[in-house]
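Chain A is the first sequence line, chain B the second, and so forth, proteins listed ahead of strands; every chain is numbered from 1.
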Amino acid sequence: MIHSLFLINNGGDLFLEKHWKSVISRSVCDYFFEAREKAVEPDNVPPVIRTPHHYLINIYREKIFFVSVIQTEVPPLFVIEFLHRIAETFQDYFGECSETIIKDNVVIVYELLEEMLDNGFPLATESNILKELIRPPTILRSMVNTITGSSNVGETLPTGQLSTIPWRRAGVKYTNNEAYFDVVEEIDAILDKSGTTVFAEIQGVIDACVKMSGMPDLTLSFMNPRLLDDVSFHPCVRYKRWESERVISFIPPDGNFQLMSYHISAQNLVAIPVYVKQNISFFETGSSGRLDITVGPKQTMGKTVECLVVTVHMPKVVLSANLNATQGTYNYDPVTKILLWDIGKLNPQKLPNLKGSLSLQSGAPKPEENPSLNIDLKIQQLAISGLKVNRLDMYGEKYKPFKGVKYVTKAGKFQVRT
Amino acid sequence: MPYFGSEETVKELKRALANPHVQADRLRYKNYITKVIRYMTQGLDVSALFMDMVKASATVDIVQKKLVYLYMCTYASDKPDLALLAINTLRKDCADPNPMVRGLALRNMCNFRMPGMPEYIEQPIVAGLRDKASYVRRVAVLGCAKLHSLQPNTDIDGSIVNELYALLRDPDPVVVVNCLRALEEILKDEGGVVINKPIAHHLLNRMKDLDSWAQSEVLTFLLRYRPRSDDELFDILSLLDAFLQSAHAHVSVATLRLFLNLAAAHPAVQADALLHTSAPLLATCGSASRELRFAGLCHVQQVMRSQPGLFGTHYKRFFCGYSEPSYIKFRKMEILVELVNDENVALVLEELRSYCTDVSPELAQAAIAAIGRIARTYSEKCLDILTGLLALKQDHITSAVIQTFRDLVWFCPQSTAAVCQTVEACVDNPQDSEGKQALLWLLGEHGEQISSAPYVMEGYIDGLKTELSSAVKMELLSTSVKMFLCRPAETQDMLGRLLHYCIEEESDMCVRDRALLYYRLLQRGVEETRKAVTGPKSDPSMSVLTGRQEEPISLWASTFNTLGPLSGRDLCLQTDIISASEQPSSSAEEELLPGSKDVTLSSPNDTEEEISLSLGPPLSHETFEKMWLDLEILHRQTLGFPRPKTAADTLQAALQLVKIQTLAFTPGDTVPWKAYLYTRGTGTLILAELLQEDPDEPGSEGSLVVSVKQQPGNQHTIRGFVAILKSVLQTLHFDRL
């Protein structure tokens, strides 16, 4: 299925290759480099590239291209999702997924790739099981290893492979039994010049961290389950019960996992937490412009907006910015043409404002396109959709677990047009 | 840098690995081995170290083993004689008490790609198939496939195949799926693994235990199983129902594909499955990964070919974000064009209008072309926007707008007057050859409505010497001649100059020939030229026919969830290529999808290209009657919808457009309703009768029935004729709804 994998960095250097069947020459990547050249920006490289004998399916993540070589007909979504899973596994193991870190841990990377695929077919991809086959590197362990000379590999086979429930290993034991749930919602929105919503939706996930002994059977219920119309669950969730009773009933995997993800697109349900008043204009003569941005709270349900950051992609002709921020710091990068204004906490009494002049390349015509603003923010203790967990019940075990729910709202692709 | 001084590095490593002090210190030894691997991955040839590495494989440290195995697999084919030395160690490891070591050794032994290997690995593999640890069984099962690929020309080992079929009942789900994968590879030449009823039902029952990757693959394998009865079919479908909304997009899409193929005879089931999957598909279109979003969009596009209404209310999900890659933006625009309706047209156009000023010229031009497509239905609003764009005076925008105008005038002649007005007011002309050709075509075709046309053309004729593109010169010649025919006084002089230049001085043969052709034509006289040059213009009623139809699902179901739609337009070509490159299942797939070939034959595009109908000399009523009575009915088909409720002359006009003559029909709403038609195509005369029984009468479905007679017989033409007739009637029918 997946014949070979090449990792290529932003500069076009091939720094890692792995073949699961016969070795395919690196020259196959020339087709990729050709496409890369044509696309100018690394973002624009098409995910599927056809060559006379192969298909190249690639993803671009953290400035690395994961290029897979395919020789037979495959479902494209399958390969793309699998490549993302590889990247996620690296992230999970090493904390980040960059070229340096992959090169530093090249041995573990090869071990992982070897276990994840055999003969081109996916084998073990659950993080739970992989971590028992190959232990992730930690500072402490690498120190201990240096002293004792022991290795990173589990000596026994993961028991999870023998359990009747594939996602949970048998005989789990904890002294403190606890279950935490994080409800994380991201707002994707496009606002137009006047502040009206062109498009808005919420992408939500519930991440869980369950550390409980034995085989607990959990039931999670919501105050307002009708809000969710488009959900997808971890394979452990019993779908029939959700359909009939709107409760989530499951035997959890051990440790961290994503319990469910959902999607709310009805526009009247999506509250927009901040408003932006902006005025960016360029003068016909004198090669200069003005910028004035104010951010204020809109529908925050009484919570504070934190980590507020405004990013503006300026037109190419803008050379520098001479601005004055009433709160936070700003920075204009003349190479990438990105103006970054880090505001921090939003104070409703004194609205943050960024104001000043822009200087343009002299002699250049007034830029045609208007820059657009990207907003990043975070609201603690609030799920913007109003989703609330009602209660968590446990069956099957005797002990009393400690339970906790946390809510966070973030901005996803939140964009204001000018 | 690895490529410089490589010999030095290799020597140094060799010295270090052979050093007994290093060998004694486990950690230092391993560090050197890691270094070797690192150089290997950077493309440096370290095969000279093979001997030393083989020695290093005799260790209890699993990580070190893994590294050495990795090294050996890479270089085994270069150093087969040395690799044989390592095999002993590996075979010993296959009997290790630790299942992890057993599996590892077996897997790597199978990965050695060198001659003579099979005799060493066959026995460990067979032993591995019966190992008590599932981890080893998984490896051994795939090992069978690798063993087979090592000796491609030998006969298939029946005992191994039987063993693999037996292992399909293994308690470990991964072993089950690996068996399918291995059998598929081994039996490639015989059409892949056979899915009979017990296997299919066994797999269906195990679906829940599999991980998502395996689910997706099993669903693909199940495509080749045909249920015996409808009851069985519905049992299968209800088992799979939950997977339509799986958390993994690839599983839900694979399930949908299976649904569409299995339920080919039950359109209602198919529609229901599409409805169920629309939410996961939309979620994929909004996923965080841009590659997944792209794949999602491609699948949405395919679904929309049959069910354009499914995503209508979600059109805002297809608005482009600022930082999205261009390949996503192109797809989104294509989808938006399809989703336009009376309610959202204003918003969609406003959105597309903002893409027209995108920094990337390709995107801007695609956005303009998209507006042009919408203009075929909502011409007024779009013309306003396009005219506004001309005011921006950007070369690439002007050129794209003019090209859009050209296409618009052809498809939607009622907009001609407005377009001509705009073109006249437009001051600056396009600079690239595509745009120039479009402008010249507009001037030539509608010169009488654009008062400044001769002056614009004169500019081009004066600048002829500096013009590089011969295509523009050819267009200029045609335009000048057309213009001369409608406004001779203004153009005669410049046409003379143009012809003179093209005949005497032009170096491009094609242009010169074209000029000579026009010159000789003009010598024959103006009337003759007019007949030859000004053919019939496009007909307003043609827009009825260009309206997009809903395609049957079977047309795209076979390529759904394959690479084809993601990598380009020409779908058939794509699948051909991939099947040419040793794809075993495609031939089997074609058998599985009966009728897919027939369907492609009758798709409207194909037929219109393949057969051309003509009217020829009219038939009298008597001749028709005589022939109708003499000939046999060659083809009879129920069209599946009632007769269009249009007025008689509209029907007649529409049929005449596709060169089908109406001889007679029953007036008004009388039942049964009949019509007699005839046409000529590829040397035969075709007679046809359309019949609609009384819909209230028992036994009739209220649907049109067409009966065709022909002289002389030619099945191919009949199929083409019926397809054309059907598409016309269908368009008229849906047009009235």
Side-chain angles (χ1 to χ4, degrees), chain A residues 15-17 22 26 43-44 46-50 53 55 59 71-78 80-82 84 106-107 110-111 114 118-119 121-123 125-126 146 149 151-153 155 157 161-162 166 188 190 198-199 201 203 230 232-235 239 261 263 265 313 368-369 372 413 415, chain B residues 26-27 34 37-38 41 61-63 66-67 70 99-100 107 113 133-135 138-139 142 145-146 174 178 181 209 211 213 216 220 242 245-250 253-254 279-280 283 286 289 291-292 294-295 316 319 321-322 325-327 357 359 392 561-563 566-568 578 581 583 586:
Chain A
F15 64 92
L16 193 123
E17 60 184 297
S22 53
R26 286 181 171 208
D43 283 340
N44 286 346
V48 181
I49 300 167
R50 224 175 98 197
H53 298 290
Y55 275 94
I59 63 165
Q71 235 173 6
T72 48
E73 179 66 63
V74 291
L77 275 168
F78 181 101
I80 293 175
E81 274 203 65
F82 189 81
H84 277 292
V106 75
V107 174
Y110 268 107
E111 283 182 64
E114 185 78 2
D118 188 11
N119 209 22
F121 299 112
L123 211 56
T125 52
E126 278 289 322
T146 324
S151 69
N152 275 341
V153 172
E155 289 293 327
L157 267 183
Q161 305 205 336
L162 303 170
D188 288 351
I190 300 178
V198 177
F199 153 81
E201 64 181 20
Q203 314 263 15
D230 183 3
S232 65
F233 295 111
H234 189 275
Y239 190 68
S261 62
H263 192 99
S265 54
H313 294 262
E368 206 50 67
E369 80 271 20
S372 75
K413 289 167 268 177
Q415 186 187 325
Chain B
R26 275 176 61 186
L27 214 68
T34 318
I37 302 292
R38 194 159 293 160
T41 56
D61 185 348
I62 294 195
V63 175
K66 278 188 183 175
L67 293 179
L70 177 69
M100 185 107 177
R107 178 154 72 213
R113 278 171 283 269
S134 59
Y135 184 77
R138 293 174 184 180
V139 173
L142 284 182
K146 294 178 193 165
V174 181
N178 277 359
R181 294 161 172 166
D209 308 334
D211 65 1
W213 318 108
S216 177
T220 315
Q245 285 175 319
S246 159
H248 298 274
H250 63 99
V253 170
S289 141
E291 294 85 10
L292 282 179
F294 172 71
K316 284 194 176 173
F319 283 2
Y322 178 80
S326 48
Y327 56 83
T357 47
V359 261
L392 291 176
N561 196 24
T562 63
L563 287 165
L566 269 82
S567 54
I578 204 107
S581 67
Q583 156 63 350
S586 72

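Proximity to chain B (any heavy atom under 4.5 Å) is shown, for A:F78, by both the backbone and the side chain. Heavy-atom distances place the side chain of B:L70, and not its backbone, under 4.5 Å from chain A. Only the side chain of A:I190 has a heavy atom closer than 4.5 Å to any heavy atom of chain B. Contact annotation for A:I49: neither backbone nor side-chain heavy atoms come within less than 4.5 Å of a heavy atom of chain B. Residue A:Q203 touches chain B through its side chain alone, counting heavy-atom pairs closer than 4.5 Å. Proximity to chain A is absent for every atom of B:A254, based on heavy atoms less than 4.5 angstrom apart. For B:D211, the part sitting under 4.5 Å from any heavy atom of chain A is the side chain, from C-beta outward, and nothing else.
Contact check for A:P76 versus B:N561: side-chain heavy atoms found under the 4.5 Å cut-off. Contact of the A:E201 side chain with the B:K316 side chain is not registered, since no non-hydrogen atoms from C-beta on lie closer than 4.5 Å. Residues A:P75 and B:H250 fail the side-chain proximity criterion, which asks for heavy atoms closer than 4.5 Å. Within the 4.5 Å cutoff, the side chain of A:K413 has no heavy atoms near those of the A:F199 side chain.
By the ring-ring contact (aromatic ring centres under 6.0 Å, His included) test, A:F82 pairs with B:W213, sequence neighbours left out.
Remark: A:Y110 OH to B:I37 CD1 distance equals 8.0 Å, nearest 0.5 Å. Here the OG atom belonging to A:S261 is positioned 9.0 Å from the CZ atom belonging to A:F233, to the nearest 0.5 angstrom.
Under a 3.5 Å cut-off, the side chain of A:E111 and the backbone N or O of B:K66 do not form any donor-acceptor pair.
Between chain B and the residues A:I80, A:D188, A:D118, the most heavy-atom pairs under 4.5 angstrom are made by A:D118. Between chain A and the residues B:Q245, B:H248, B:K146, the most heavy-atom pairs under 4.5 angstrom are made by B:K146. Counting heavy-atom pairs closer than 4.5 Å to chain A, the top-ranked of the candidates B:V174, B:N178, B:L67 is B:L67. In terms of heavy-atom pairs under 4.5 angstrom with chain B, the leader among A:V107, A:N44, A:T125 is A:N44. Options B:G321, B:G286, B:P280 differ in how many heavy-atom pairs under 4.5 Å they form with chain A, and the most are formed by B:G286.
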